[in-house]
Structures are given as C-alpha cells and as structure tokens.
K.L.:
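Just dropping this structure here.
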Amino acid sequence: MSRILAVLERQAGAWHKMSMEALAGALELGRATGLGVSACVPGPGAGEAAAQAAAAGVDEVYALEHEALESYTADAWVEALGGLVAEIQPVFVLFPHTYQTRDFAPALAARFRRTLMADATGFSMEGGAPVFERLLFQGKHIGRFVFETPAPNFVSFQAGAFRAAQPAGSSATAQVIVKRPALDPALIRQRPEPPFREAAQAVDLSAAERIVAVGRGIQDEGNLELARQLAAALGAELAASRPIIDNGWLPLDRQVGSSGQTVAPKLYIALGISGAIQHIVGMKGAGCIVAINRDPKAPIFEIADYALVGDLFEITPALLDALSS
Amino acid sequence: MKILVALKQVPARDFPVEADAARAWIDESALNYEMNEPDAYALEAALRVKESSGGEVIALSAGPERVQSALREALAKGADRAIHICVDGEAARGADPAVTAGMLEAAVREEQPQLVLTGLQSDDTGSGQTGVILAARLGWPHATLVVAIEPGADSVRVRRELEAGWFQHVTLPLPAVLTIQSGISRLRYATLMGIKRAKTKEIRRVEPPAGTAEAAGLRLLGLAEPRRQKQTQFLEGPPAEQAARLVEKLRFEARVL
C-alpha cells in the first residue's frame, strides 16, 4: 500500500508538542509525493488521540492498544510498530524527533535493515524522490541525503522543521482503526520505573522577560561573574547551554535547550554560545536575539537579530559601560 | 565487568570546518581532531564502573590512522587496551550510522563484553543512533540518554534522562548497550603516569568486515550552506562601538530595554 505512516507521541495524557510538527511534515511529504497519510498512536489514550489526528487531516489513523504499551519501553514500541509496518507496508514512516524517538526508532528501522534518517530539517523533491537535509558538524553544514534502500524508509523530523499541523475541525472524516498488537510482555527486556523529577524547579525561565545565557565561550567558572553582572544590569535571568550545566557551573534549572527549559523572552543575549540545534530549539522563540561570539560562522548567528562578532570578554564590559551611561 | 567503550574521533570544536571544493564532504586536510565529547563521558562512566566493581575497559574506534591518538588518550585515562578498526574513506565518515554499527558489531561479538557504552551522539554527523543500531544488530537490550549506572550481577539499573528535567530508572538484563548523556560525571584528565603507561598498552588493529562500505542505506549527496533564518544585523567596529550600537538598537529599534 503506497502510504506514509506518521508515528505520533503522547506525553502524560496529551500530545507531545513535536507530534503535530511531524504530522505537518507527513502531510507535506504526502502532497509532494502523492502518497496518502496515515497516523499511528501507540499507548494509552490512543483511541481518543486518534480522533484528533483525524481532524488534523490524515485519512486513516491506527490506534495501537495493549497493556504492554501503557508505559514506554523500546522493546514494546519496536515490536508493536514493527508489526504494523510489516502489515501496512508504508513507503515512509515518519517520527517527531523526541527523546523517545531517539530511543526506539533506530532499532525499529534496523529490524527492517534500514537506517533512520534522523532529525531531518526538511526535504526537496529531485527526480521524483525526496532529498532530505540534516544538520552536520553542529549546524556548520547541511548534509543532503537520499535513501538507497527500497520502502519502507524511516525519517524523523527535527523540532521546528515544520509548523505544527492544526486540527481542521469536525468535518474531517478519517477511519480510526484500533489494533491490538501481538505482544508478548515476557519478551520486553527493559523494566521501567515511574518517571520522576529531581526537585521542584527553583527557576522558571519560561516566565523571564530577559535572559542572558552563557555557553562554552565563557571558558571558566570564574568568568560567570561577568555574565551575572550583565544579567543584573539588564534585570535578566542567567541561563546556560548544556556544557555549562555538565561542568557543574550552574544548576540544571538554568539550562535552556531540548534537555532543559524552552524559553521565549523578549530579549535573549547569547554569550559565547555556538548554537547547536539542541540549544536553539529551546530559545529560538525569543523576540529579540543577540549573539556575541568570536566565530563569525557560529550557527547562532543564523537566528540572531543582532550579531556581534568578537571577544565576549571585551564586548561584555563595554556593554556594561554602555548600559550605565 | 568487561566493558567495551565505542568512541569516535571528530573535528575539534573550536576550529572552522570548511567544505571541500566539490562540496562533497569537508576539507579534512586542515583539521584538528579530538575525542567526541559524549564518548569521552562514556569512557569516564566505564572507568568509574571498573573502579567501583572491577573488570576491564576496552576502547574501540573505527576510522583512519589518526584515531590511534583518540585510543591512546583513552588508554592514558585508564582503559586497559584498545581495538582500532582500520577504515578510511566514505565508510569512516559515519554518514550512515548503520555502517559504523556493523563494524563495531563484529568487534563486540569477538570480545563478548557485558556492557557496551558509547556517547549518545557524535558532534560531527550527529545521528545519535550508532549505539541503538548496534544493540539491535547484536540482539541486546539498550537504554539511551543514560546519566547514572548501577551495575548488578546479571543486570544493570540505569537512570535515563527524559525531556524537560524528568528522569526514569530502567533495569536491563546483561549484556546490554548504553548510550551515555554528556555530563554523567566530571571528566578526568590523563595523568603523566597514565600517559607513560599508555605507551605500553596494546592497540590491536583489525580489518572491518567485508562489504562494509557497500552496506550504506543512506547516501550523502553533498553539503549545502546553512541558510540564514533572520535578517541579522552585524554590528561591526571595536568592542565599545559594537556595545554602544547594540544598546541603541535594543532601546530604540527592538524596544526591549
């Protein structure tokens, strides 16, 4: 059957926000290739969620329901989705690029002796087949990739690659097919415990109007004082990219990015942040982005409103002077 | 516990990475290389398991001659021995992570470790898949985004990072593959004694399995320039001028001060 299958993810009883972006990507690939789009929702609440996916514009929705899908494990997901892919034989299987996708989708593709096209940022049609783009070298280059393998092929879309699909309203009709996968719980090797949070988050960066964020360019823990002074002068919260948190220089609740908080302040000043995609997905919604970095090719400059190429240890004190005058 | 750490050598972060003339790949002639940072954390995690519960740590890398320096660094930090899968050209680039996983698989089958650790992704091609594909090919269970490891006799309990500050414990039977999140613990530096000892440790060279390069399912057509997503204003001049212009822009153009 010549179709695209979009695998959607639920999180704590609601859509994962990336699911609707992946669905939008599936609908766009469907228009470009002339393939119909089906969606698939594994796990609890699948039946209800399937109706919503139908409203967003897909014409067929599979709800995978099984007690072994109540909490996520890679083995159960690979088993359940592997069965569905083998049965309906889609041309493309698409995923939102979530942590969960990273955990099971490469193994699902490997079961079919395929390689997942991971975190594609877009595609273009060339000679009737899609050429996918992925970021390489921390966003310094874009790689253009094609599949050498016949269907089914597997693709995950990077956060922000497509604008989230909107439910079209109640007029949409799609067939909802509830399936109970043949799953032997005894074969699931991962034994998960309930998810937990370390401690209540002390800092809610998502509410901050201004943020000064530091990255590797700050070089040393002692230099954080400079960023603190700038934050104080601006009435801003101090934040950081992952490497600063990994070094233990700032607590986890100061981290912006895919593994930290997503922020949308009016002003975001990136000090010595190169702009790896994992950071950018957490802050590109900021109203005004200022990037200060010594590397003129740093990917952060691609999304900046104001770019200052230079030494942050010279520019930041100059900024403090300019702000006080 | 016998632990194998798969690590990759990647272009050093702080240096520009230029495309080659044909825009087919990067210009490798003028690059500095370093151990992929997430893999350095995987090595650190393996060394800590060994220090707390004994065993052996074997560093494994596939790539051209230059990866010997990454393996030597792993030995200097405390790995017991190393295996170098000697491969050059397209198969060494990692454009298709299944090709890399195929090469690692052969070495893992030969060594039969109880754990394979690797970084969650590489800083160059960044697929974040090699460990998971390796586990699938071996028929072993896996866990990704691991931030803590509690080894048991025939199982391992790990702490996985979920999104937005959530975590989860998962227990897996051994043998298993774990992909390690950056920041799992502070990285050690090699000591002078370690560097000295590393010179006497073995780096075994092996050939990749036959047909490695032909196994690719993804083909890289070439590189494209990143596209600017905004009308970026570059504020030039000496730092004081840059700063003054920025403050003016923020006050009167963006109106955010």
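Naming convention: chains lettered A, B, ... in sequence-line order (proteins, then strands); numbering from 1 in each chain. Quick note: numbers below take in every heavy atom, side chains included, and nothing from hydrogens, waters or symmetry partners.
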K.L.:
What part of B:Ala176 gets within 4.5 angstrom of chain A, counting heavy atoms only: side chain, backbone, both, or neither?
P.N.:
neither

K.L.:
Checking heavy atoms, do the side chain of B:Pro11, its backbone, both or neither come under 4.5 Å from chain A?
P.N.:
side chain

K.L.:
If you tally heavy-atom pairs under 4.5 Å against chain A, which of B:Gln231, B:Arg157, B:Glu236 wins?
P.N.:
B:Arg157

K.L.:
Go through A:Arg242, A:His16, A:Lys266 and name the one with the most non-hydrogen pairs under 4.5 angstrom from chain B.
P.N.:
A:Arg242

K.L.:
In terms of heavy-atom proximity below 4.5 Å to chain B, should A:Ala304 be classed as side chain, backbone, both, or neither?
P.N.:
both

K.L.:
With respect to chain A, which residue among B:Ser155, B:Gly222, B:Gly126 yields the maximal number of heavy-atom pairs within a distance under 4.5 Å?
P.N.:
B:Gly222

K.L.:
Hey, are B:Gln242 and A:Glu314 close enough side-chain-wise for a donor-acceptor pair under 3.5 Å?
P.N.:
no

K.L.:
At a 4.5 Å cut-off on heavy atoms, which part of A:Glu209 comes close to chain B: side chain, backbone, both, or neither?
P.N.:
neither

K.L.:
What part of A:Gln158 gets within 4.5 angstrom of chain B, counting heavy atoms only: side chain, backbone, both, or neither?
P.N.:
neither

K.L.:
A:Leu135 versus chain B, heavy atoms under 4.5 Å apart: side chain, backbone, both or neither?
P.N.:
backbone

K.L.:
Answer yes if the side chains of B:Thr144 and A:Asp103 hold a donor-acceptor pair under 3.5 Å, and no otherwise.
P.N.:
yes

K.L.:
With distance as the sole criterion, is a donor-acceptor pair present between the side chains of A:Thr98 and A:Glu9 under 3.5 Å?
P.N.:
yes

K.L.:
Is it true that A:Lys297 and B:Glu18 have a side-chain N and a carboxylate O under 4.0 angstrom from each other?
P.N.:
yes

K.L.:
Using non-hydrogen atoms and a 4.5 Å limit, figure out which bit of B:Leu235 sits close to chain A: side chain, backbone, both or neither.
P.N.:
both

K.L.:
Which bit of B:Ala243 comes within less than 4.5 Å of chain A, counting heavy atoms only: side chain, backbone, both or neither?
P.N.:
both

K.L.:
Does B:Glu90, at its CD atom, have more than 12 non-hydrogen atoms belonging to other residues, nucleotides or ligands within less than 6.0 Å?
P.N.:
no

K.L.:
Using the rule given for side-chain contact (heavy atoms from CB on, under 4.5 Å), can you reason through B:Met103 versus B:Val87, listing the C-alpha separation, both sets of side-chain angles and the distance that settles it, and then say yes or no?
P.N.:
CA-CA 9 Å; B:Met103 292 190 280; B:Val87 62; 3.8 Å; yes

K.L.:
Hydrogens and angles aside, do A:His279 and A:Ser241 bring a side-chain donor and acceptor to less than 3.5 Å of each other?
P.N.:
no

K.L.:
Between A:Arg111 and chain B, with a heavy-atom cut-off of 4.5 Å, which part of the residue counts as in contact: side chain, backbone, both or neither?
P.N.:
neither

K.L.:
Do NZ/NE/NH1/NH2 and the carboxylate oxygens of A:Glu302 and A:Lys284 come within less than 4.0 Å?
P.N.:
no

K.L.:
Would you mind checking which part of B:Arg245 comes under 4.5 Å of any heavy atom in chain A, side chain (CB onward), backbone (N, CA, C, O), both or neither?
P.N.:
neither

K.L.:
Taking every non-hydrogen pair under 4.5 Å, which of B:Gln129, B:Arg251, B:Arg186, B:Gln168 racks up the most with chain A?
P.N.:
B:Gln129

K.L.:
Specify which of B:Val17, B:Ile133, B:Leu172 makes the most heavy-atom pairs with chain A at under 4.5 Å.
P.N.:
B:Val17

K.L.:
Which bit of B:Glu248 comes within less than 4.5 Å of chain A, counting heavy atoms only: side chain, backbone, both or neither?
P.N.:
neither

K.L.:
Which bit of A:Ser258 comes within less than 4.5 Å of chain B, counting heavy atoms only: side chain, backbone, both or neither?
P.N.:
backbone

K.L.:
Measure A:Arg102 against the heavy atoms of chain B and call it side chain, backbone, both or neither at under 4.5 Å.
P.N.:
both

K.L.:
Looking at chain B, which one of A:Arg191, A:Arg134, A:Arg114 has the largest number of heavy-atom pairs inside 4.5 Å, strictly under?
P.N.:
A:Arg191

K.L.:
Tell me, for B:Leu246 versus chain A, whether the close heavy atoms (under 4.5 Å) come from the side chain, the backbone, both or neither.
P.N.:
side chain

K.L.:
Can you tell me which portion of B:Leu120 sits under 4.5 Å from chain A's heavy atoms? Options are side chain, backbone, both or neither.
P.N.:
both

K.L.:
Where does B:Ala101 contact chain A at under 4.5 Å (heavy atoms): side chain, backbone, both or neither?
P.N.:
neither

K.L.:
So which of A:Thr149, A:Leu319, A:Asp311, A:Leu320 has the biggest tally of heavy-atom pairs under 4.5 Å with chain B?
P.N.:
A:Leu319

K.L.:
Less than 4.5 Å apart, any side-chain heavy atom of B:Ser127 and any of B:Thr130?
P.N.:
no

K.L.:
Heavy-atom pairs under 4.5 Å with chain B: which of A:Gln100, A:Glu148, A:Arg294, A:Met117 has the most?
P.N.:
A:Glu148

K.L.:
Could you tell me whether the side chains of A:Tyr72 and A:Gln190 share a donor-acceptor contact shorter than 3.5 Å?
P.N.:
no

K.L.:
Is the A:Phe301 ring parallel, tilted or perpendicular to the B:Phe234 ring (thresholds 30°, 60°)?
P.N.:
tilted

K.L.:
Yes or no on side-chain contact (heavy atoms from CB on, under 4.5 Å) for A:Arg113 and B:Arg137, after CA distance, side-chain angles and deciding distance?
P.N.:
CA-CA 9 Å; A:Arg113 305 201 72 77; B:Arg137 295 177 71 119; 4.2 Å; yes

K.L.:
Examine whether an atom of A:Gln11 lies under 4.5 Å from a heavy atom of chain B, and if so say whether it belongs to the side chain, the backbone or both; otherwise answer neither.
P.N.:
side chain

K.L.:
Does the side chain of B:Lys8 pick up a donor-acceptor pair with the side chain of B:Thr100 at under 3.5 Å?
P.N.:
no

K.L.:
Just by distance, do the side chain of B:Asn36 and the backbone of B:Asp123 share a donor-acceptor pair under 3.5 Å?
P.N.:
yes

K.L.:
State the CD1-OG distance between A:Ile211 and A:Ser206, to the nearest 0.5 angstrom.
P.N.:
8.5 Å

K.L.:
When heavy-atom pairs shorter than 4.5 Å are enumerated against chain B, which of A:Ile289, A:Leu116, A:Asp75 gives the highest number?
P.N.:
A:Leu116

K.L.:
At a heavy-atom separation under 4.5 Å, does A:Val78 approach chain B through its side chain, its backbone, both, or neither?
P.N.:
neither

K.L.:
Between A:Ala318 and chain B, with a heavy-atom cut-off of 4.5 Å, which part of the residue counts as in contact: side chain, backbone, both or neither?
P.N.:
both

K.L.:
Between B:Ala244, B:Gly131, B:Pro173, B:Ala240, who has the most heavy-atom pairs with chain A when the cutoff is under 4.5 Å?
P.N.:
B:Pro173

K.L.:
Less than 6.0 angstrom separating the ring centers of A:Phe196 and B:Trp166, yes or no?
P.N.:
no

K.L.:
Is chain B contacted by the side chain of A:Asp305, its backbone, both, or neither, given a heavy-atom distance below 4.5 Å?
P.N.:
both

K.L.:
Between B:Arg159 and chain A, with a heavy-atom cut-off of 4.5 Å, which part of the residue counts as in contact: side chain, backbone, both or neither?
P.N.:
side chain

K.L.:
Which one, B:Thr171, B:Val10, B:Leu250, B:Thr179, leads in non-hydrogen pairs under 4.5 Å with chain A?
P.N.:
B:Thr171

K.L.:
Specify which of A:Thr121, A:Ile315, A:Asp246 makes the most heavy-atom pairs with chain B at under 4.5 Å.
P.N.:
A:Asp246

K.L.:
So, A:Phe95 versus A:Phe104, ring centres under 6.0 angstrom or not?
P.N.:
yes

K.L.:
Decide if the gap between the ring center of A:Phe154 and the ring center of A:Phe112 is smaller than 6.0 angstrom.
P.N.:
yes

